[in-house]
Protein chains: 2
Amino acid sequence: MSEAVQLSEEQRRLIEKMGVGGEKNGMPPAPARIMALLMVSPETELTFDQVRETLNLSKSATSNAINMLLTTQKIDYITKPGDRKRYFKNKIGSWKEDVRSNFQNITRLADLFEEVLSLRPADTTEFNNKLREIIAFMRFMEEKLPGLYRQWEESQG
Amino acid sequence: MSEAVQLSEEQRRLIEKMGVGGEKNGMPPAPARIMALLMVSPETELTFDQVRETLNLSKSATSNAINMLLTTQKIDYITKPGDRKRYFKNKIGSWKEDVRSNFQNITRLADLFEEVLSLRPADTTEFNNKLREIIAFMRFMEEKLPGLYRQWEESQG
DNA sequence: TTTTTAGTTCTCTATTTGCAGAACTAAAAA
DNA sequence: TTTTTAGTTCTGCAAATAGAGAACTAAAAA
């Protein structure tokens with residue numbers, strides 16, 4: 001019998017939409033849809049077969065996708081006493097981490113740009129100055145963000 | 001005769017490194033390397049053939065990559081009187097835009113999450129509350145960033 | 001002990017991507 | 001007018017991606 005989760009048309013559309021969003025962030029289709037399913041599904045903890053049948057994936061696709069989401073810490077699972085199945089769930093908390101680590105990318109980019117600057121001839125003044133300005137802007141953002149985070153944590157008291 | 005730009009080993013390595021960085025942000029290899037070349041090259045304005053020969057690309061790859069960078073506003077070109085060639089240059093200013101539009105992604109994600117929340121049953125309280133908290137965090141960042149930008153512009157006089 | 005469960009791993013295929021090379025084009029130069 | 005320049009577009013291939021389906025496995029249940 002079918003293990004598939006019952007979903008409305010609207011819920012299915014939203015899963016697709018989030019799936020596409022995930023793909024745009026470099027996630028392969030199947031993992032992206034599983035992530036989305038684990039957000040949208042009324043039941044928040046789903047078994048392998050529930051995931052598989054709801055999304056019409058093959059066992060291999062399901063297995064590979066779930067394992068990739070587990071190793072990249074995007075999902076997690078729980079077990080229930082006397083039940084061999086794993087119940088997979090979205091690590092929603094990881095989204096806040098994602099936002100922060102997304103901000104962290106600025107640092108990496110600024111570092112790269114400084115490397116570029118160090119290898120540039122001094123005589124392309126205009127270009128170099130624009131480059132310096134952008135680096136300064138990135139460093140500024142980098143410096144101010146921790147303060148914002150703190151402000152948020154405090155407002156949550 | 002060769003039009004290739006002379007580059008040190010170090011400069012070539014940096015171009016590859018930036019190229020890989022670009023690929024990780026969803027840019028195809030050739031455009032990513034052209035972007036990088038136009039940052040690292042001592043000459044900041046390069047012709048079609050200089051790009052082509054420096055990066056060992058085919059004409060078609062060069063043409064397609066350049067046009068995609070032009071339409072996505074990542075590069076720009078100038079011309080010189082009595083010279084039919086176009087001289088392509090990195091729109092370095094666009095990097096600041098990139099940083100900002102990167103922040104803008106939060107908004108899109110928050111919107112999506114609100115859509116999710118609206119379709120969720122009320123009884124998964126813990127999940128819904130975590131979701132609400134993340135949305136609130138994103139909205140908070142969204143709200144505070146413009147102030148930071150203003151602060152930066154002001155500090156630049 | 002055999003069977004079922006909850007997956008994993010292997011093989012194969014369809015699709016997509018990224019590029020090369022060649023043919024082509026429109027404007028300028030000779 | 002013919003040739004050159006500065007590309008563009010078309011054809012085709014090679015590699016990478018993504019997933020189906022079947023064979024396999026280890027632990028638990030019967």
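By convention in this document, chain letters (A, B, ...) are assigned in the order of the sequence lines, proteins followed by strands, and residues within each chain are numbered from 1. Treat the numbers as computed from the prediction; the structure is a model and nothing was measured.
- Note: CG (Asn56(A)) to P (dA20(D)) measures 9 Å, nearest angstrom.
- Of the candidates dT8(D), dC10(C), dG7(D), the closest approach to any side-chain atom of Lys85(B) belongs to dG7(D).
- The pair Lys130(A)-Glu126(A) meets the salt-bridge criterion, since a charged nitrogen lies less than 4.0 angstrom from a carboxylate oxygen.
- Atom CG of Asn64(B) is separated from atom C1' of dT17(C) by 12 Å (rounded to the nearest Å).
- Taking atom CZ of residue Phe48(B) and atom C1' of nucleotide dG7(D), one finds them 6 Å apart after rounding to whole Å.
- For dG7(D), the OP1/OP2 oxygens have a side-chain nitrogen or oxygen of Arg86(B) closer than 4.0 Å.
- The aromatic rings of Tyr77(B) and Phe88(B) lie perpendicular to each other, with more than 60° between the two planes, well past the 30° mark.
- At whole-Å resolution of the value, CG in Leu55(B) and C1' in dA20(C) are 15 Å apart.
- Residue Ala30(B) has its side chain nearest to dC19(C) when only dG7(D), dC19(C), dC10(C) are considered.
- Heavy atoms of Ile66(A) sit nowhere under 4.0 angstrom from any nucleic acid atom.
- Aromatic ring orientation, Phe113(A) versus Trp95(B): perpendicular (interplanar angle above 60°, classes split at 30° and 60°).
- Base pairing analysis places dG12(D) opposite dC19(C); the two distances defining the Watson-Crick or G-U wobble pair are each below 3.5 Å.
- Side-chain contact, Ser8(A) with Arg12(A): no donor N or O sits under 3.5 Å from an acceptor N or O.
- With dA18(D), dA20(C), dA26(C) as the candidates, the nucleotide lying closest to the side chain of Arg84(B) is dA26(C).
- Of the candidates dG21(C), dC19(C), dA20(D), dG21(C) carries the atom nearest the Ser60(B) side chain, counting heavy atoms from C-beta on.
- Two residues, Thr62(A) and Phe88(B), neighbour DNA chain D, and the one matched to the more 5' nucleotide by heavy-atom proximity is Phe88(B).
- Looking at Arg139(A), Arg132(A), Arg108(A) one by one, the single match for salt bridge (Lys or Arg N to Asp or Glu O under 4.0 Å) with Glu114(A) turns out to be Arg139(A).
- Rounded to whole angstrom, the span from the CE atom of Met68(A) across to the C1' atom of dT8(C) amounts to 17 Å.
- In this structure a side-chain-to-backbone donor-acceptor pair under 3.5 Å is present from Arg120(A) to Met39(B).
- Look at dA23(D): its Watson-Crick or wobble partner, with both distances under 3.5 angstrom, is dT8(C).
- Residue whose closest nucleotide on DNA chain D sits further toward the 5' end, between Pro31(A) and Gly82(A): Pro31(A).
- Considering only side-chain atoms of Asn67(B), the nucleotide from dT9(C), dT8(D), dA20(C) that sits closest is dT8(D).
- Out of dT8(C), dA20(C), dG21(D), the shortest distance to the side chain of Lys59(A) is found at dT8(C).
- Under the Watson-Crick or G-U wobble criterion, with both distances below 3.5 Å, dA29(D) is paired with dT2(C).
- Distance Leu57(B) CG to dA6(D) P: 18 Å, rounded to the nearest Å.
- The CG-C1' distance, from Leu70(A) to dG7(C), rounds to 13 Å in whole Å.
- When rounded to the nearest whole Å, the span between CD of Glu23(B) and P of dT17(C) equals 14 Å.
- With both pairing distances under 3.5 Å, dA18(D) is matched to dT13(C) as a Watson-Crick or G-U wobble pair.
- Of the candidate nucleotides dG19(D), dT9(D), dT8(C), dT8(C) has the atom nearest to the side chain of Ser63(A).
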